[in-house]
Amino acid sequence: MVNKTEFYQSFIRGPSPFVGQLLEQFSDELEYKKYPAKKNLFIDINGQSHCYFLRSGIVEYLVRFPEDHLLTISEAPNIYGIYLAYKNYNVLIRTTVECEIAVLPYDRFMELVSKKGLWELYARHLQVIMNILYQYAQRLSEPSSYSILRSQLYELISEPEVIRESTTAERYIRDKTRLSRSGVLNILAGLKAGGYIVLDKGVLKEVKKLPEKY
């Protein structure tokens with residue numbers, strides 16, 4: 001049986017196996033800069049889409065509906081903004097720690113994909129991204145609030161320690177799901193009382209085997 005934590009670490013959160021090749025192919029075009037934690041970088045700037053190449057660090061990937069809705073948290077290496085699935089939305093990345101990031105206009109990125117003959121590599125990378133987004137949508141379409149919360153607990157415990165220690169379980173779950181605060185807190189309290197999870201001042205420390213139903 002697949003271990004839930006290992007599943008989220010290797011598939012949902014793991015980088016695309018093709019991202020390193022893409023970073024290498026674009027290295028001569030990229031100028032990396034260091035950005036401090038909590039810096040917002042928008043995909044759309046004055047009507048022009050941009051790609052962000054993350055060489056080091058951790059970022060949050062968000063979309064505003066109109067409030068910030070957390071899609072995922074990911075580590076370097078990674079690339080954002082190279083597909084326009086959210087072109088009509090206000091999409092941004094937010095640095096969690098100090099990051100090294102290079103910026104390239106989307107039109108220039110696509111021009112280089114064509115010039116360098118990278119269509120197959122680009123398509124393979126997009127295939128991985130679409131699978132991740134599909135898994136994300138599936139987790140949010142679980143039949144009950146508890147099922148959604150349960151999957152988010154497994155995802156949170158698989159996050160890097162710097163992420164887990166910087167937010168409460170309640171806040172992490174609500175930012176990604178929009179479940180009610182009272183509902184999330186009630187379920188977390190019940191799971192803690194039952195010995196299924198360990199919380200310290202709201203921060204998730206350990207997840208034991210969670211019940212299928214609650």
Side-chain angles (χ1 to χ4, degrees), residues 1-17 19 37 54 57-65 67-80 85-86 91-97 99 127-192 194-214:
M1 185 173 182
V2 176
N3 178 281
K4 291 283 188 179
T5 300
E6 291 177 355
F7 171 75
Y8 287 116
Q9 288 174 331
S10 64
F11 182 71
I12 301 300
R13 298 195 59 260
S16 160
V19 73
L54 178 66
I58 303 171
V59 302
E60 299 175 352
Y61 193 49
L62 307 106
V63 61
R64 291 181 168 172
F65 288 118
E67 298 177 351
D68 289 352
H69 184 84
L70 180 63
L71 294 178
T72 188
I73 301 174
S74 56
E75 301 171 84
N78 223 320
I79 309 174
Y80 309 89
Y86 293 103
V91 181
L92 66 143
I93 62 172
R94 178 177 297 147
T95 58
T96 301
V97 297
C99 297
Q127 206 170 22
V128 174
I129 300 303
M130 292 303 106
N131 282 334
I132 292 173
L133 290 175
Y134 172 73
Q135 293 293 330
Y136 171 81
Q138 271 200 322
R139 297 198 305 279
L140 293 186
S141 61
E142 296 278 5
S144 68
S145 295
Y146 171 70
S147 297
I148 295 173
L149 183 145
R150 182 174 181 270
S151 68
Q152 292 302 319
L153 284 173
Y154 279 122
E155 188 166 345
L156 175 56
I157 200 63
S158 74
E159 299 282 11
E161 184 178 2
V162 65
I163 299 297
R164 288 187 282 109
E165 295 293 331
S166 68
T167 186
T168 64
E170 172 265 328
R171 180 60 183 272
Y172 178 91
I173 292 166
R174 286 201 304 117
D175 280 353
K176 296 191 72 176
T177 65
R178 297 305 180 193
L179 295 175
S180 71
R181 183 172 185 272
S182 60
V184 170
L185 288 174
N186 285 337
I187 295 175
L188 290 176
L191 292 174
K192 180 180 179 181
Y196 297 107
I197 60 174
V198 177
L199 296 171
D200 181 14
K201 297 180 180 178
V203 175
L204 185 65
K205 298 293 186 179
E206 184 180 355
V207 173
K208 301 177 182 179
K209 186 176 181 180
L210 298 174
E212 292 290 336
K213 296 181 180 180
Y214 178 82

Shortest non-hydrogen contact from [X] toward [Y]:
X: Leu191; Y: Leu153; answer: CD1-CD1, 3.7 Å
X: Leu54; Y: Ser74; answer: CD2-O, 4.3 Å
X: Thr177; Y: Gln152; answer: CG2-CG, 3.7 Å
X: Glu75; Y: Ile58; answer: CG-CG1, 3.8 Å
X: Val59; Y: Thr95; answer: CG1-CA, 4.1 Å
X: Leu188; Y: Ile197; answer: O-CD1, 3.8 Å

*Evaluate side chain to side chain contact (heavy atoms under 4.5 Å, CB included) for Ile163 paired with Thr96, printing each intermediate quantity in order.*
CA-CA 8 Å; Ile163 299 297; Thr96 301; 3.3 Å; yes
In Å, rounded to the nearest 0.5 Å, how long is the span from [atom1] of [X] to [atom2] of [Y]?
X: Leu62; Y: Ile73; atom1: CG; atom2: CD1; answer: 8.5 Å
X: Asn186; Y: Ser145; atom1: CG; atom2: OG; answer: 11.0 Å
X: Ile173; Y: Arg150; atom1: CD1; atom2: CZ; answer: 13.0 Å
X: Tyr80; Y: Thr72; atom1: OH; atom2: OG1; answer: 7.5 Å
X: Arg178; Y: Leu70; atom1: CZ; atom2: CG; answer: 9.0 Å
X: Ser151; Y: Leu156; atom1: OG; atom2: CG; answer: 11.0 Å

*Could you tell me whether Glu161 atom CD has more than 12 heavy atoms of other residues or ligands within 6.0 Å of it?*
no
*asked:* Quick check on Arg171: does its CZ atom have over 12 non-hydrogen neighbours (other residues, nucleotides or ligands) under 6.0 Å away?
replied: no
_Test: Lys205 and Glu165 ion pair at under 4.0 Å_ = yes
*Show your reasoning for whether side chain to side chain contact (heavy atoms under 4.5 Å, CB included) applies to Leu199 and Thr168.*
CA-CA 9 Å; Leu199 296 171; Thr168 64; over 6 Å; no
*Are any side-chain N or O atoms of Arg94 and backbone N or O atoms of Glu60, one a donor and one an acceptor, separated by less than 3.5 Å?*
no
*Non-hydrogen side-chain atoms of Tyr61 and Asn78 separated by less than 4.5 Å*: no
_Is there a side chain to side chain contact (heavy atoms under 4.5 Å, CB included) between Val63 and Leu71? Walk through the geometry before answering._
CA-CA 7 Å; Val63 61; Leu71 294 178; 4.1 Å; yes
*asked:* Determine whether Tyr172 and Leu204 satisfy the following criterion, side chain to side chain contact (heavy atoms under 4.5 Å, CB included), listing intermediate values before the conclusion.
replied: CA-CA 10 Å; Tyr172 178 91; Leu204 185 65; over 6 Å; no
